[in-house]
**Q** 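Sending over a structure as structure tokens; questions will come in a sec.
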Amino acid sequence: MQDMIKRIIEADSEAKALEEANKRAAEKERQKIEQEAEAIYQKYMDDAQAAIEKNDAYLDKRYARKLSDVTARQESALIKLRSDYDQNRDRWVDEIVSRVTG
């Protein structure tokens, strides 16, 4: 009987030790999964940030070109308007005066 109780106690101790080992292993696996998930998330975020920076650089160049084109067109229009003004100002002034005094 004494031997039987001793075996039960030993079996119980072994079961507790096994349960504790399983808990430690499960915790270790959980931590490993969390680390892998964090690494995947960080890689995704790094890739996304790189894509954003690449897209920003592309857009900056594109809009700089568009701004340059618009500025060039505005300058061209201004030159034409000044030229028209220089060529026609006397005639326009005379025409305005004649219509007003008319």
Side-chain angles (χ1 to χ4, degrees):
M1 183 72 163
Q2 196 71 320
D3 192 36
M4 185 76 114
I5 293 174
K6 188 176 181 180
R7 282 190 205 166
I8 292 172
I9 291 173
E10 286 175 4
D12 185 52
S13 295
E14 288 175 11
K16 285 180 182 177
L18 185 59
E19 180 183 11
E20 191 60 37
N22 284 338
K23 283 182 183 178
R24 283 192 304 272
E27 179 62 24
K28 209 178 231 185
E29 283 299 311
R30 187 190 61 74
Q31 289 175 351
K32 181 180 173 185
I33 290 170
E34 284 179 2
Q35 288 173 347
E36 288 175 1
E38 179 62 29
I40 291 169
Y41 173 79
Q42 193 58 49
K43 182 182 180 323
Y44 173 78
M45 293 304 289
D46 291 344
D47 291 347
Q49 185 63 36
I52 289 169
E53 289 171 5
K54 182 179 176 182
N55 193 36
D56 283 350
Y58 167 75
L59 290 175
D60 286 346
K61 287 179 185 177
R62 182 176 166 193
Y63 290 120
R65 259 185 274 126
K66 283 188 176 190
L67 178 61
S68 176
D69 291 346
V70 168
T71 303
R73 281 188 300 223
Q74 286 177 339
E75 287 179 19
S76 176
L78 181 60
I79 289 169
K80 180 170 178 357
L81 287 171
R82 283 188 178 149
S83 174
D84 288 348
Y85 172 75
D86 289 341
Q87 289 176 4
N88 298 309
R89 75 174 155 217
D90 291 334
R91 186 173 56 85
W92 290 341
V93 168
D94 291 341
E95 191 174 316
I96 292 170
V97 168
S98 71
R99 287 186 183 183
V100 170
T101 58

**Q** When rounded to the nearest 0.5 angstrom, what is the spacing between CD in Gln74 and CD1 in Ile79?
**A** 12.0 Å

**Q** Quick one: does Ser13's side chain have a donor or acceptor within less than 3.5 Å of a partner on Ile9's backbone?
**A** yes

**Q** Apply side chain to side chain contact (heavy atoms under 4.5 Å, CB included) to residues Gln2 and Lys6 and explain how you reach the verdict.
**A** CA-CA 6 Å; Gln2 196 71 320; Lys6 188 176 181 180; over 6 Å; no

**Q** Apply salt bridge (charged side-chain N to carboxylate O under 4.0 Å, His left out) to the pair Asp86 and Arg82, showing each step before the final yes or no.
**A** CA-CA 6 Å; Asp86 289 341; Arg82 283 188 178 149; over 6 Å; no

**Q** Please report the interatomic distance CG(Asn55) to CZ(Arg62), rounded to the nearest 0.5 Å.
**A** 9.5 Å

**Q** Would you call Asp69 and Arg73 a salt bridge, using N to O less than 4.0 angstrom?
**A** no

**Q** Is any NZ, NE, NH1 or NH2 atom of the basic residue among Glu27 and Arg30 found under 4.0 Å from an Asp or Glu carboxylate oxygen of the other?
**A** yes

**Q** Side chains of Gln31 and Gln35: do they bring a donor and an acceptor to under 3.5 Å?
**A** no

**Q** So which heavy atom on Trp92 is nearest to which on Tyr85, and how close?
**A** CZ3-CA, 3.9 Å

**Q** Could Asp84 and Lys80 be called an ion pair, given the rule that one side-chain N must be under 4.0 Å from one carboxylate O?
**A** yes

**Q** With a cut-off of 6.0 Å (strictly less than), are more than 12 heavy atoms of other residues, nucleotides or ligands near CZ of Arg89?
**A** yes

**Q** Following the transitive rule for hydrophobic clusters with a side-chain heavy-atom cut-off under 4.5 Å over Ile, Leu, Val, Met, Phe, Trp and Tyr, establish whether Tyr58 and Tyr63 coincide in one cluster.
**A** yes

**Q** Say you draw a straight line from CZ of Arg7 to CG of Asp12; how long is it, rounded to the nearest 0.5 Å?
**A** 15.5 Å

**Q** Kindly compute the distance separating CD (Glu38) from CE (Met45), expressed to the nearest 0.5 Å.
**A** 10.5 Å

**Q** Take Glu20 and Lys16, measure what salt bridge (charged side-chain N to carboxylate O under 4.0 Å, His left out) needs, and give me the verdict at the end.
**A** CA-CA 6 Å; Glu20 191 60 37; Lys16 285 180 182 177; over 6 Å; no

**Q** Output yes when a side-chain donor or acceptor of Thr71 lies under 3.5 Å from a complementary backbone atom of Leu67, and no otherwise.
**A** yes

**Q** Could you grab the distance from atom CD1 of Ile52 to atom NZ of Lys54, nearest 0.5 Å is fine?
**A** 13.5 Å

